[in-house]
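See below for the structure under consideration.
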Protein chains: 2
Amino acid sequence: MQTVTKRGRPPETDARQIARVALGLFARHGFDRVTMDDIAEAASVSRRTLFRLFPAKSDLVWDGLDDVRDFVRRRAAELGPAGLRAGGVLREFAEPFLRALEDPEAAALARQRLRLLAAAPALLAHPTLREIEAVIVTTLAPSEPGQAPPPLVVRTLIAGTFAALMWWAEHGDGMSALEATRAALRALADDRDPCA
Amino acid sequence: MQTVTKRGRPPETDARQIARVALGLFARHGFDRVTMDDIAEAASVSRRTLFRLFPAKSDLVWDGLDDVRDFVRRRAAELGPAGLRAGGVLREFAEPFLRALEDPEAAALARQRLRLLAAAPALLAHPTLREIEAVIVTTLAPSEPGQAPPPLVVRTLIAGTFAALMWWAEHGDGMSALEATRAALRALADDRDPCA
DNA sequence: TCCCTTTATGGCATCGAGTGCCAAAATGCA
DNA sequence: TGCATTTTGGCACTCGATGCCATAAAGGGA
């Protein structure tokens with residue numbers, strides 16, 4: 001995993017630090033009113049290097065998604081093909097993050113970031129999100145006739161979860177991210193009481 | 001409603017026709033490889049006029065969404081505050097369109113368009129989509145404590161529906177749009193059998 | 001008829017995101 | 001020292017998008 005010998009010129013830049021700078025600018029002035037030139041200057045990097053580190057402006061917001069993907073990979077490896085259903089996917093993969101948002105400070109930060117995501121919806125097509133999707137699919141039960149195939153379930157589940165989270169970021173004062181997500185997904189199934 | 005007297009210079013352009021031309025080009029060469037200049041030239045309009053008719057390139061794909069919004073408005077006006085739940089929303093607002101996609105030819109066209117949408121996900125933030133959202137909310141039951149508030153339900157429902165449809169457009173050979181959407185949303189609620 | 005208002009169109013300049021190409025810098029290795 | 005490797009930065013360019021303004025084409029009023 002580690003590069004034993006590091007040849008070539010060593011990096012002078014810190015992607016995480018640059019993303020932090022950008023997030024700060026976005027929070028202060030709004031996503032659209034901060035140009036890549038602004039960020040490059042604020043982070044003391046050339047415009048070209050900035051674009052090499054973050055191929056799209058939106059990647060600056062998504063920074064940290066790689067960590068999510070790594071967590072999901074580890075968790076999926078532990079679980080193996082566990083035959084999960086939607087509820088299990090939420091429990092195993094989403095709730096660890098949502099629980100961390102019970103902390104008010106973490107929640108405020110997350111809501112700020114999610115509001116940015118809502119403003120730049122191109123983010124929902126992010127390649128890393130598709131990777132995460134593919135990993136989660138491996139933990140689902142195999143497809144059964146008449147049931148939705150696992151990739152469809154996961155795709156829909158992720159979209160629904162993000163939609164709920166973005167709504168929560170904008171209008172969810174007084175409720176937790178976990179509550180909002182759970183309530184939203186539960187509501188989708190409610191035509192009327194399915195057990196009646 | 002109708003402009004009785006139409007003052008000013010009459011339009012020489014037909015937005016629908018231009019959108020059709022653009023759709024044709026997209027289908028032949030791909031969304032990204034068709035520039036706005038290409039479309040302007042193919043439709044014999046100036047670049048500036050093209051941008052006035054379609055403020056964003058993606059609007060060329062979304063052309064027709066206004067019709068959907070108008071349908072939703074009419075249907076919502078008929079229904080009034082009907083106290084709908086998620087299943088009812090699907091039944092009243094989505095199924096009329098999904099049923100039309102049972103026709104193979106219509107389905108092929110819709111899948112082509114949805115694939116374009118998936119490639120340009122900025123579309124999910126389209127203002128008209130938010131209008132539709134707001135109209136549908138008025139037909140839901142008022143918020144109850146412990147339940148997800150109606151705007152959250154509708155937001156999540158629309159996101160889930162579109163996610164399912166886009167998956168269907170790409171991978172849903174052999175199933176109908178209605179089947180895919182229903183199965184996907186049903187699966188979201190399935191942790192295990194809720195009635196057991 | 002002449003002007004005024006209204007609406008549609010087109011041209012021009014400019015901004016900002018994103019990309020390709022290439023040269024320079026900074027390291028390890030032979 | 002010379003070479004391969006990697007990072008960085010500069011430059012030019014494409015393309016989507018926007019603002020400004022001039023012009024064209026209609027109708028209405030004096």
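Letters go in sequence order (proteins before strands), and every chain restarts at 1.
- When the shell of 6.0 Å around CD of B:Glu170 is examined, it contains more than 12 heavy atoms from other residues, nucleotides or ligands.
- A:Arg111 has a carboxylate O that lies under 4.0 Å from a charged side-chain N of A:Asp173, or vice versa, which qualifies the two as a salt bridge.
- With a heavy-atom cut-off of 4.0 Å to chain A, the contacted part of DNA chain D has its first and last nucleotide at D:dA4 to D:dC11.
- For the atom pair CD of A:Glu78 and CZ of A:Arg74, the computed distance is 8.0 Å after rounding to the nearest 0.5 Å.
- In this structure, B:Arg115 and B:Phe26 have side chains that are not in contact, with every pair of non-hydrogen atoms separated by 4.5 Å or more.
- Residue B:Glu102 places its CD atom among more than 12 non-hydrogen atoms of other residues, nucleotides or ligands, all under 6.0 Å distant.
- Near DNA chain D, defined here as any heavy-atom distance below 4.0 Å, the residues from residues 34-45 of chain B are B:Val34, B:Thr35, B:Met36, listed numerically.
- Residues passing the side-chain hydrogen bond (donor to acceptor under 3.5 Å, both in side chains) test with A:Arg73 are A:Glu131, sequence neighbours excluded.
- No hydrogens or angles considered: a donor-acceptor pair under 3.5 Å links the side chains of A:Gln17 and A:Arg20.
- Scanning both residues, A:Thr13 and A:Leu53, for their nearest heavy atoms gives OG1-CD2, 3.6 Å.
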query: Reading nucleotides 19-28 of chain C 5' to 3', which nucleotides get B (base under 4.0 Å from a protein heavy atom), which S (sugar-phosphate only), which -?
result: BBB---BBBB
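- Scored by the side-chain hydrogen bond (donor to acceptor under 3.5 Å, both in side chains) test, B:Glu92 finds B:Arg75 as partners (sequence neighbours excluded).
- Residues B:Leu84 and B:Ile136 form no side-chain contact, since every pair of their non-hydrogen atoms from C-beta on lies 4.5 Å or further apart.
- DNA chain C is contacted by both A:Phe54 and B:Ser46; B:Ser46 maps to the nucleotide lying nearer its 5′ end (nearest heavy atom per residue).
- Residues A:Phe71 and A:Leu101 share a single hydrophobic cluster, defined by chaining ILVMFWY side chains whose heavy atoms lie under 4.5 Å apart.
- Minimum interatomic distance between A:Ala148 and B:Ala184 (heavy atoms only, all atoms of both residues): CB-N, 3.8 Å.
- Residues from residues 13-26 of chain B with heavy atoms under 4.0 angstrom of DNA chain D: there are none.
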